[in-house]
Asker: 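Please find one structure pasted underneath; my questions will follow.
Values below: all heavy atoms of this structure, side chains included; hydrogens, waters and symmetry mates excluded. Quick note on labels: first sequence line is chain A, next is B, and so on, each numbered from 1. None of these values were measured; they are calculated from a predicted model.
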Protein chains: 2
Amino acid sequence: MTKRATIKDIAHELNISTSTVSRALADQWDVNPDTRRAVLEVAKRLNYRSNPISLRLRSRQTWTVGVVVPEFINSYFAEILIGMQRVFFPKGYNILVAQSNETASVEENNLKLFENNMVDGILISVAQDSDNTAIYDRLLKNDMPLVFFNRVPEDIRASKVIVDDRKWAFLATEHLISQGCRRIAHFAGNGNLSVSVERRHGYISALKKHGLPVDESLIIEAGLQMESGYIGAMKLLQMDPLPDGLFAVTDPVAIGAMKFLKNHGIRIPEDIAVAGFTESPYATIVEPPLTTVRQPTFDIGVTAATLLLDQITSRHDPDKSDSWSGDNVRTVTLEAHLEVRESSLCKNFRGGS
Amino acid sequence: MTKRATIKDIAHELNISTSTVSRALADQWDVNPDTRRAVLEVAKRLNYRSNPISLRLRSRQTWTVGVVVPEFINSYFAEILIGMQRVFFPKGYNILVAQSNETASVEENNLKLFENNMVDGILISVAQDSDNTAIYDRLLKNDMPLVFFNRVPEDIRASKVIVDDRKWAFLATEHLISQGCRRIAHFAGNGNLSVSVERRHGYISALKKHGLPVDESLIIEAGLQMESGYIGAMKLLQMDPLPDGLFAVTDPVAIGAMKFLKNHGIRIPEDIAVAGFTESPYATIVEPPLTTVRQPTFDIGVTAATLLLDQITSRHDPDKSDSWSGDNVRTVTLEAHLEVRESSLCKNFRGGS
DNA sequence: TTTCTTTACGGGAGCGTTCCCGATACCGAA
DNA sequence: TTCGGTATCGGGAACGCTCCCGTAAAGAAA
């Protein structure tokens, strides 16, 4: 009852060797159909299931991959994780998840944990204040399969899965302009994070394209979460005149700002139009519903996982093993979608149909 | 570079046996301090880290636990998972997470996956339509450490971590009554789910205690997600007169209902006061902010994980091994908190300070 | 009959580690 | 000198499995 049947039990029962049982179970050619049948029957009767640990020891693989995310209570990364599961589970891989809590040192510990556990590969979206480039480099040098997604370091030669943050920030800002906004503020994320930098660039180039002045005082550097939205909105309120548009680096930031502004009698979108980034369920809950850029979260997970899986399997191929020439380094850019909602429908449309 | 140092490498380098190295690393008594020092030095130089797989094979433990949740994009279960991580990671255990998507068959597959992976224990919150009692029984009979949390089966003799759903539903309903509501509708979850049953009971007994009639037509059985809120609200609107209160089985249901009602010109809380259950970030985002019962998610995770850990470790104790007498079966009930917000502040308070 | 090939199976090493047990060497005591 | 004791170490099995290699039996080809 409590003891799990092993290959030895089957062998003993049939008076054959473990080798033969192993071959029968593995459906090899050099085993008599009769014995194979007998083996399978006994295996079924004893409810035999192979011991995954021994297989891992033998194959010198853990069949486990590690995923590091900044957090996963905001549904964005949770959805990505589901996409990754869809790829790895059918292939017999397990997934270990760790949160960096936006902290570089925690991220480093997570990576060490994964190394000690000898994961076969790592998927990572870097923390807000991360400067762990040296660690990524070491991992890559040690031949650890590694794929970045969503938040990626600039100067690392590794596979990445992203959306074109700059492009979609540009389009979101342009949308605000098209709605009649002329003084558009931007709540930017922290400096060195790829998504922050790119989205800020997109914002600026949209202004430039449409001949609007780039006013640095309208760019408020805060963070990525809701509290940052509050803080930014406080500064916003002190401006005279109030900007007529706001492009926030993330939805939570936008929502935090909206809450603060509404509490102070500012109407959205009439007084100020708002757009966020990275669709979340909140966007449809908040009032008015928030214009934002919807990312293909599930696909991001699937794509990143597939890239990693390629690296893992090709590593064991005798094809192109040690030479770096087997170029698995790819950057995949996925499409997104600008989800226009009421929070930004204003100005020339105001009072329209 | 690519090869990980083993105990053999150290032994070879120092011309001693692997046994001695093992003992030196394990800090045993019967090893010369000098050799121990030498071993540790070489280990450090070679960056030796023990191979977790071989340890698992030897110890006949996987140092892995499985967690089955209905979903984890709604932050509730995500927060619980973080609590579990806090317990297991420091002890060297890994966590495998699987979603049942509220489906019994998927849940069954998840459990089988965990069994095949030989997890040391399982934590589970059962799916909405689950009737996998036979499977839970089999797991328990096979000595699999098992702890239920949040959503638990009634008739299973296993450890459980819950909040008193009946009590808090009672208090939430009573709160609506105290606000002047006299015809309170209830959006109930599906029939057999523990939380649905208990919360419905709490709702009914609150009505009874305050001498209000229990009108079965006011109890609308839907689901647990936002769409159920829409559907319920549709039926609500057809009632004449409209109920003046609504207690929804979950926050998403409440929020879905609010959205529908607001779209149809119903004012909250003036026309109908609303309360939900299970705090989520949405509750503060939605307008008006939603009254709800806040659960100690992190503690639920910590508690469930601790109970499971106890079972796992005590199983390997020679103390009380095979006999069932070592009673690890416990039900822990954690406290919650009624979070009163504007969605339910009405009637006698209306127009007040 | 002899030789060769095919078919089917067993032996045993090895993955990395722990741990039981036996062996050696040295020391003081008889 | 001999003996029991202590400190230190090595040998080897074991965890469960795969896979390389060797080998026996049986049939086919010489």
Asker: For the pair made of NE2 in B:H12 and C1' in C:dG16, what is the distance, rounded to whole Å?
Answerer: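 Rounded to whole Å, this separation is 17 Å.
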
Asker: If you find the nucleotide of DNA chain D closest to B:W29 and the one closest to A:D30, which residue's nucleotide is nearer the 5' end?
Answerer: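 The 5'-side residue here is B:W29.
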
Asker: Separation of A:N117 atom CG from C:dG16 atom C1', in whole Å?
Answerer: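 These atoms are roughly 15 Å apart.
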
Asker: Before accepting this row, confirm whether a basic side-chain N of the pair A:D9/A:K3 lies closer than 4.0 Å to the acidic partner's carboxylate O.
Answerer: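 A salt bridge is absent here (no side-chain N lies under 4.0 Å from a carboxylate O).
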
Asker: Report the distance from atom CD of B:Q61 to atom C1' of C:dG16, rounded to the nearest whole Å.
Answerer: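 It is 18 Å, rounded to the nearest whole Å.
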
Asker: For a quick check of understanding: with a heavy-atom distance under 4.0 Å over all strands, which category does B:D9 fall into, base, sugar-phosphate or nothing?
Answerer: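 B:D9: no heavy atom of the nucleic acid under 4.0 Å.
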
Asker: Got more than 12 heavy atoms from elsewhere within 6.0 Å of CZ, A:R45?
Answerer: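 Atom CZ in A:R45 is packed in, count exceeds 12.
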
Asker: Between B:R4 and A:E115, is there a salt bridge with N-O shorter than 4.0 Å?
Answerer: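 No, no charged N to carboxylate O under 4.0 Å.
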
Asker: Anything under 30° is parallel, anything over 60° is perpendicular, the rest tilted; go ahead and classify A:Y136 against A:F148.
Answerer: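 Aromatic pair A:Y136/A:F148 classed perpendicular.
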
Asker: Please work out if A:I16 contacts a base, only the sugar-phosphate, or nothing of the nucleic acid, heavy-atom cut-off 4.0 Å.
Answerer: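 Sugar-phosphate contact only.
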
Asker: Specify whether B:W63 and B:Y93 have parallel, tilted or perpendicular ring planes, treating 30° as the upper limit for parallel and 60° as the lower limit for perpendicular.
Answerer: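 Judged by the thresholds at 30° and 60°, the geometry between B:W63 and B:Y93 is tilted.
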
Asker: Considering only NZ, NE, NH1 and NH2 on the basic side and carboxylate oxygens on the acidic side, decide whether A:E102 and A:R151 come within less than 4.0 Å.
Answerer: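 Yes, charged N to carboxylate O under 4.0 Å.
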
Asker: So, OP1 or OP2 of D:dG11: does either fall under 4.0 Å of a side-chain N or O from B:S17?
Answerer: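 The answer is no; no side-chain N or O of B:S17 sits under 4.0 Å from OP1 or OP2.
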
Asker: Quick one: what's the B/S/- string for nucleotides 13-18 of chain D, heavy-atom cutoff under 4.0 Å, read 5' to 3'?
Answerer: -BBBBB

Asker: Could you state the CG-C1' distance from A:N32 to C:dA8, rounded to the nearest angstrom?
Answerer: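 Checked: the CG to C1' distance equals 7 Å.
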
Asker: Answer yes or no: is there a side-chain heavy-atom contact under 4.5 Å between B:P145 and B:D120?
Answerer: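 In short, these two side chains do not touch, never coming nearer than 4.5 Å.
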
Asker: For Watson-Crick and G-U wobble pairs within 3.5 Å on both distances, what is DNA chain D written in dot-bracket notation, | included for inter-strand pairing?
Answerer: |||||||||||||||||||||||||||..|

Asker: Is it true that A:E108 and A:K112 make a salt bridge, defined as a side-chain N closer than 4.0 Å to a carboxylate O?
Answerer: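 So A:E108 pairs with A:K112 through a salt bridge.
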
Asker: Separation of B:I10 atom CD1 from D:dC9 atom P, in whole Å?
Answerer: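 In whole Å, D:dC9 P and B:I10 CD1 are 15 Å from each other.
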
Asker: Would B:T103 and B:S100 satisfy side chain to side chain donor-acceptor pair (under 3.5 Å), going step by step from the backbone distance to the final call?
Answerer: CA-CA 6 Å; B:T103 311; B:S100 64; over 6 Å; no

